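What follows is a single structure, written as structure tokens, with notes after it.
This is a predicted model, so every value here is computed, not measured. FYI, the numbering just counts along the sequence from 1.
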Amino acid sequence: MIKPPHAMVRNDASDGVKAVLGPTNTGKTHLAIERLCAHSSGMIGFPLRLLAREVYDRVCKIKGEANVALITGEERIEPKNARYLLCTAEAMPVTERSMAFVAIDEAQLGADRERGHVFTDRLLHARGREETMILGSATLEPMVKALIPGVEVVSRPRFSTLSHVEPKKLSRVPPRSAIVAFSVEQVYALAEMLRRFRGGAAVVMGALSPQTRNAQVELYQSGEVDYLVATDAVGMGLNLDVQHVAFAGLSKYDGQRHRRLTSAEMAQIAGRAGRHQTDGTFGTLAGMSHGHGELEFEPEEIYAIEEHRFPPLTQLFWRTPEPRFDSLATLIADLETPPERRELRLAPEAIDLAVLKRLADEPEIADSVRGRGQVARFWDVCRLPDFRQQGAETHSRFVARLWQDLRHGQLGADYMAQQIAHLDRTGGEIDTLQGRIAAIRSWAYIAQRPDWVLARDEMAARARAVEARLSDALHGKLTERFINRRTALLMKKLGPDTGLLSVRLEDEEVLVEGEHIGSLRGFAFQIDPQTRLTDRKLLLSAAEKHLPGLLEARAEALTKAIHEGPAPLAFTAGAITWEGEPLGKLGVGRALLTPLFVPDRLLDAIPAPARKALVAAVEAWLEKELEPLAPLGKLEEASRSQEAGPDLRALLIHLVEQGGILARESSGLEKLDKERRTMLARLGVRVGALDLFVPAMLRPRPIALWRELARLSGKPPRGGAPDETMPPALAVGRRDRIPGYRNLGKQLIRIDMAEKLLREAHAQREEAAAKPVETQAEPVAETQDTAIVEATETPSPVAAETPATEVETQDTAPDATEVPATADSAPAVEEPAQAASPEKSKGGNRGNKESGKDRSRHRAKGRDQGRSGGRGNRDPRPSFALDPARAISMGLTPASYERLLRLGGFQPVNPHPRGKESKPAPADIATETSAETGAPASEVAAAAPAEQRWTWRPPRRQAPAPQTERAPRVREGSAFAALADMVR
């Protein structure tokens, strides 16, 4: 075994070092090959075995096979007098000083986490006698200048331009394209789809043997197939005739985490498009998605790739290339020693170091490694590449088993032959063959070591032969699975004549020449992914040419169905669908109630006349579908009228925005005069004690339509959708916000039912007031025309202390501005009148003359008379009983009913003593409420609670004081005075 020289032997002199930097397609590798062949000897290190093999074949044609060697981990072709070496970076003899020319390709990989320390070492120490060339990206320039003093930097521009294009579907990707994926599974899936759409594709992956890879590339280069599906290995210098690169993903697993590609990595792959003077394009595949949505490049990434501008490298990974082998502990310590230069950074733990540390912790293995020679040999075994990609744990088991044999000497020829023969089987599927190729690569690597295997040359030849047979079998399997030669040939020769094939539609199934090719769902043509038709692509092309005619006939039939009868359309979640397939969606229109219909892109495939007629029919259907919102449309139209005035217009706009339901207390109703209130009534708005509402909007369908339009306009309503039946009362639960209902604590009551109960309560109050009271000096004359209702959440403390004279005025003064109810609805509860002036009310003058102390005494006396029933005096707030039978029949509890009454201005007085039997509900009300709810009349009559006495008074509302405009004083003779005269 040749021991590695001491670190002093590594000479990092910078004499004659030239750095040729630039993006892809700048001819860097071609320049290095020319310079290699111009010298008497030379060596180039490459990042991939595939690339080393490609350049080896080129140099052999120039210098002859006897003068060229190929040195990789798994393959060594070393003629006796070889003067030109093509190597992988790891296999380069760094300390070899006999070469006149040395080059390192893709040197920017010094920033790679797994292999970066290898490229950094070659950058620092690999030198030629006459010329040294470093090839890489422009991002490497700061590091080269910092690490190699006096280096000559040459920048090379790209020969062709590279442009970004919009995402394309796989079926629309142009010929001579490479589709790049980042997993074996995705490579197979894309190749399978291209077989169906385009006749097939060649497959290139880093795990393939050079023989398989070359055979696949030849299929593409010869034009037998027009598509290439590859992993990111295609970005490392493989020169192919590619015009477009389509990314099937923008992220990959780097051995530690799943991350997005850097812009430099994207450019390395996209740069395969456009060779020499031919321009290239790059983009993504449409329909591919990731965790955050549609797959697409960021604008800054597109700019960086097109302009070749990337962040410069600031550090390279480094690991000591010549550690000490005194012991395992010393070896591990040296490998984990950080560099002294700030431009370098200690490399992350690679798999070889991870295996070394794992096995060093096992006493049985650690005890077997004694002495410098054994430690160095053990380290070489740990550096066996993980071709199987099974991870550190599994790979360390394989290394431990190998060490048990190598610790005592070399592997026997019989043992090696047995292991190689075990893999010499060409049967099985693609994955099986790939696994065998990975395994034989491990044994080929072992066979290349001169001190590991007896009969090294024979075992290496056997391993190469088995790998070649497995590669041929894998190539055959890939071709059989992913290339349909007949379809590809038909597409090339008969593509223009596909319109001559017959295409027909049977029950939404599309048949080409009687063969099923897909289905037409709505206006979307869906390809059947299960079909295995040999000439499938040809038939698909024929179907696409006949598709406009099929869509036109379908559009005309749907337009006729919409005009003639109930249209088979549905409106859900802001979209209009037909048979579950989208026709379009609603967009924001001129107003809330007039949305726009935005046709789906699927309709673009319909010929223009049929599409225009269909869109017009759908718009007419939509207008009819929104007819339940016509009452709101009437309000919206009136809100644009100048006659309405600003206050009424504001109220109408607010009503439309709230779906025709508005709390009275925040409506601004008090600002309207009599004429505007009359207009409001004519518009169908009912003014209730608690709410203003449009009766037609208290139905499920109008409410659901309004909620959809509100959500579309960007103002989604709070709460959930109403119950389909909209019962009079509901339990709150989680439905405390439902359109058309008012909250009563633990229950909700429908707004119109609340007004009905309050009207009934006022009718009972008026009836009680009309009856003469024996102890009352004067009867209280109240009629329904003079009943006043005002809604408040809680009784006003000011109203509770108002003198009797003021209460009488408020209770009896009619509202001159109240409007009658509309003819199509029940009489509305009238608006409360403003408090009459003290001068016009009974006892008003006396009230104004009383002092504050007398007024307080009068209020206290009035309260006492109210509680005692007013012996000999008139009660300012006579109490009365309210029958709760109808409320109970609606499903309200006594507590909810009491809360509703309080909201309407009713206040309870002391109830009758406990133990008094409840007053049964009248028979007529019990019968009526039984018919509404379905409950037996006997149960309704028996449910009435004990009689409760009530009083009522509206809260005082201070009318806003009229503001008189005061004309500003203008100095005579000034410019403002002249202006005032002009505008008068």
Side-chain angles (χ1 to χ4, degrees), residues 4 45-53 70-77 86-94 106 109 112-122 184 205-213 231-233 236 253-256 317 319 321 323 335 347-359 376-403 405-406 411 416 419-420 423 434-453 456 459-460 463-464 466-467 470-471:
F46 297 97
L48 294 177
R49 176 192 180 194
L50 298 177
L51 186 55
R53 181 67 191 230
L70 174 65
I71 303 176
T72 66
E74 308 98 282
E75 187 176 13
R76 299 177 74 95
I77 303 176
L86 290 311
C87 318
T88 55
E90 286 82 353
M92 288 180 69
V94 183
E106 305 292 354
L109 288 179
D112 182 73
R113 296 180 60 89
E114 183 70 23
R115 305 170 63 201
H117 63 278
V118 175
F119 285 86
T120 301
D121 176 65
R122 305 310 184 251
V184 175
M205 296 181 291
L208 298 180
S209 63
Q211 186 173 342
T212 305
R213 170 261 189 190
T231 60
D232 54 340
M236 287 299 173
Y253 182 74
D254 62 1
Q256 291 189 342
F317 288 116
R319 190 175 74 184
L335 294 174
E349 184 179 272
I351 191 169
D352 54 0
L353 180 56
V355 170
L356 173 64
K357 294 170 68 175
R358 283 176 181 269
L359 297 182
R377 187 178 179 85
F378 182 66
W379 173 232
D380 287 340
V381 175
C382 291
R383 294 170 66 185
L384 173 68
D386 182 19
F387 295 109
R388 295 179 175 88
Q389 299 293 319
Q390 295 176 335
E393 180 65 31
T394 303
H395 187 55
S396 64
R397 296 300 97 208
F398 180 75
V399 171
R401 175 67 181 85
L402 180 63
W403 172 249
D405 296 327
L406 290 177
L411 299 177
M416 282 291 297
Q419 297 298 325
I420 294 173
L423 298 172
Q434 278 192 313
R436 291 175 188 159
I437 290 178
I440 199 63
R441 290 179 69 185
S442 297
W443 291 108
Y445 182 93
I446 294 171
Q448 298 297 334
R449 303 291 300 191
D451 57 335
W452 284 11
V453 180
R456 167 183 171 270
M459 294 301 107
R464 286 197 301 269
V466 172
E467 183 179 358
L470 291 174
S471 298

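- Not a single donor-acceptor pair under 3.5 Å links the side chain of Thr88 to the backbone N or O of Thr72.
- Listed here is the closest heavy atom pair of Tyr445 and Gly73: CD1-O, 3.0 Å.
- Rounding to the nearest 0.5 Å places CG of Leu109 at 13.0 Å from CZ of Arg122.
- For Glu74 (side chain) and Ile440 (main-chain N/O), no donor-acceptor pair under 3.5 Å exists by modelled atom type.
- Scanning all heavy atoms of the two residues, the minimum distance from Ile71 to Ala91 falls at O-CB, 3.7 Å.
- Checked for salt-bridge contact, Glu349 and Lys357 meet the test: a charged N lies under 4.0 Å from a carboxylate O.
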After noting the C-alpha distance and the side-chain angles of Leu86 and Phe46, does the key distance pass the side-chain contact (heavy atoms from CB on, under 4.5 Å) rule?
CA-CA 8 Å; Leu86 290 311; Phe46 297 97; 3.7 Å; yes
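- Minimum heavy-atom separation, Glu114 to Ile351: OE2-N, 3.2 Å.
- Shown here for Leu423 and Arg436, the closest heavy-atom pair between the two residues is O-CD, 4.1 Å.
- Scored by the side-chain contact (heavy atoms from CB on, under 4.5 Å) test, Arg464 finds Glu75, Gln448, Ala460, Ala461 as partners (sequence neighbours excluded).
- Of all the heavy atoms in Ser442 and Phe387, the pair that sits closest is OG-CD1, 3.5 Å.
- Asp352 places a side-chain heavy atom less than 4.5 Å from the side chain of Arg319.
- Remark: Trp452 CH2 to Ile446 CD1 distance equals 6.5 Å, nearest 0.5 Å.
- The salt bridge (Lys or Arg N to Asp or Glu O under 4.0 Å) contacts involving residues 384-393 comprise Arg358-Glu393, where partners must be two or more places apart or lie in separate chains.
- A heavy-atom distance below 4.5 Å is found between the side chains of Arg441 and Ile437.
- Expressed to the nearest 0.5 Å, how far CG of Leu406 lies from CZ of Arg401 amounts to 10.0 Å.
- Put simply, CH2 on Trp403 and CG on Leu359 are 10.5 Å apart, with the number rounded to the nearest 0.5 Å.
- Using a 4.5 Å heavy-atom threshold, the side chains of Leu411 and Met459 count as separate.
- Within the 4.5 Å cutoff, the side chain of Met92 has no heavy atoms near those of the Val118 side chain.
- Note: Leu470 CG to Gln434 CD = 11.5 Å, rounded to the nearest 0.5 Å.
- Looking at every heavy atom in both residues, Leu335 comes nearest to Pro323 through CD2-CG, 4.0 Å.
- Once rounded to the nearest 0.5 Å, the distance linking OG of Ser396 with CG of Leu356 reads 11.0 Å.
- Gln390 has its side chain out of reach of Arg397: every pair of non-hydrogen atoms, C-beta onward, lies at least 4.5 Å apart.
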